[in-house]
Number of protein chains: 2
Amino acid sequence: MSVVSESEPDIVRMNPRTRRVRQVILDAAVEVLLTDGAEHVTATHVAGRADVARTTIYRHWPDQAALLLATIDAVASPHHPPPGVGVLDRDLRSALENLRTRLMVHQSRPVFGALASHAHHDEGFAVAQRRFVEQLVRPVAAVLEAAGERGEVGGELDSQLEATLLAGPVLHHHLMLHADVTDGLIEAVVARWLVVHDLG
Amino acid sequence: MSVVSESEPDIVRMNPRTRRVRQVILDAAVEVLLTDGAEHVTATHVAGRADVARTTIYRHWPDQAALLLATIDAVASPHHPPPGVGVLDRDLRSALENLRTRLMVHQSRPVFGALASHAHHDEGFAVAQRRFVEQLVRPVAAVLEAAGERGEVGGELDSQLEATLLAGPVLHHHLMLHADVTDGLIEAVVARWLVVHDLG
DNA sequence: ATCTTACACAACAATCCGTATTTTAAACAG
DNA sequence: CTGTTTAAAATACGGATTGTTGTGTAAGAT
């Protein structure tokens, strides 16, 4: 599932104990990330919460940045939304509402903040940030592509761009403005998109 | 100009030397923020770059977070765009292009990342983040309000929401996706907005 | 049962933060 | 110009953190 480009350890062929300890560390790191924040995802704190020797963490990840990236990768796993009912406007609203709940339940703000703050220096964080956002937007694009295959919309539209225009305001409100995503916002975004595409 | 709510020191009635040193420190801090990143905006690094005793920084700001907030406040000063020509569609495009250049020239990504990463724990950073984003969006809202006063659009529209829908995709591309804001994106956003409001 | 691997444990230097104290120099008042 | 006030420089300190190294020990593989 993990799509990390760098040398991914062969988790399958590891010691059972190693695999177990590694998972315990990652679980604790995720917990620390979501409760205490990204700047506390450090060898000391994570080791304390995982009841693991601090040096063990350095055996698995070379430094704090690597541990944080792995932690974010663990918490931001791809999502497979339930298939829509096959009606574009309903599926679009569902996709955006689903996005909203994912944003809230997955504590996306601290994760996104950690990514954004490191992306400036560390290219690994930059690509992780892109991946994080694109993965949030992807279900919306999937709805559009499904509608395209049904012939409900013109097939020549750029589903990536269209999905960005639909999901963008939701992400903007939640991640940038720290504001609630209201039903009215979702409704307005979807309604306008339908008007523009002569489906209103 | 600075709208920091907390106890703002009376810069006017300070010692000339104090005022000078304070400015030197802030300048160095801004430099550190933009080149090395927010996590290096620390007493040690800033003092080193400003050629100032480290302890002096603690006389002005109680801790690292306060220094970082002041630094961001210094770099993210409000912007007064030139007035538009009075034609809505042209002014909207200008406002979005102006926004794009501001994002690039003002190194908004590291600033935004620092705000986003601290906003989770520190309410001061949360409001600063909101202020930062709203200040970026405000010129677009101003264009809409001016058009409303001219009667070019219906006066009952929520200029804040509309500006968010217009500027959102630009911010989304630049700050979230680390992608370039193309002319095509701006054109698409504006054209669609005009269509929705029967101005296309 | 033996051997290999990896974790626990302890100690290490290097760094940094925030504070307190003393010394020095700048700004100001008479 | 001189004495006083103010703030910065210099130094030192305790506490905490990062990343490294080395030694024992127990889990897992053969």
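By convention in this document, chain letters (A, B, ...) are assigned in the order of the sequence lines, proteins followed by strands, and residues within each chain are numbered from 1.
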Using a 4.0 Å heavy-atom cut-off to protein, can you give one letter per nucleotide of nucleotides 22-30 of chain C, 5' to 3': B if the base is in contact, S if only the sugar-phosphate is, - if neither? ----SSS--

Basic-acidic side-chain contact under 4.0 Å: A:R130, A:E123: yes

Just to verify, what does B:D63 make a side chain to side chain donor-acceptor pair (under 3.5 Å) with, not counting sequence neighbours? none

Between P of C:dC7 and CG of A:D51, the distance in whole Å: 15 Å

What is the distance from CG of B:D36 to P of C:dC16, rounded to the nearest Å? 12 Å

Enumerate the ring pair (Phe, Tyr, Trp, His ring centres under 6.0 Å) contacts for residues 17-36 of chain A, please, sequence neighbours excluded, ordered by first and then second residue. none

Residues passing the side chain to side chain contact (heavy atoms under 4.5 Å, CB included) test with A:Q107, sequence neighbours excluded, are A:L34, A:P110, B:H120

With B:H45, which residues qualify under ring-ring contact (aromatic ring centres under 6.0 Å, His included), at least two apart? B:H40

Would you classify B:H60 as touching base, sugar-phosphate or nothing, given that sugar-phosphate means primed atoms plus P, OP1 and OP2, and contacts are heavy atoms under 4.0 Å? sugar-phosphate

Restricting to pairs with a member in residues 190-200 of chain B, which pass side chain to side chain donor-acceptor pair (under 3.5 Å), not counting sequence neighbours? A:E162-B:R192, B:E162-B:W193

Rounded to whole angstroms, how far apart are CD on B:Q23 and C1' on D:dA8? 17 Å

For DNA chain C, whose closest nucleotide is more 5', that of A:T56 or that of B:T44? A:T56

Any residue meeting ring-ring contact (aromatic ring centres under 6.0 Å, His included) with B:H106, in chain and number order, not counting sequence neighbours: none

Rounded to whole Å, the CH2-C1' distance (B:W61 to D:dA8) equals 13 Å

To the nearest Å, give me how far apart CG (B:D63) and P (C:dC16) are. 18 Å

Which residues share a ring-ring contact (aromatic ring centres under 6.0 Å, His included) with B:H118, sequence neighbours left out: B:F125

Got a list of protein N/O to nucleotides 20-25 of chain D N/O distances below 3.5 Å?
none

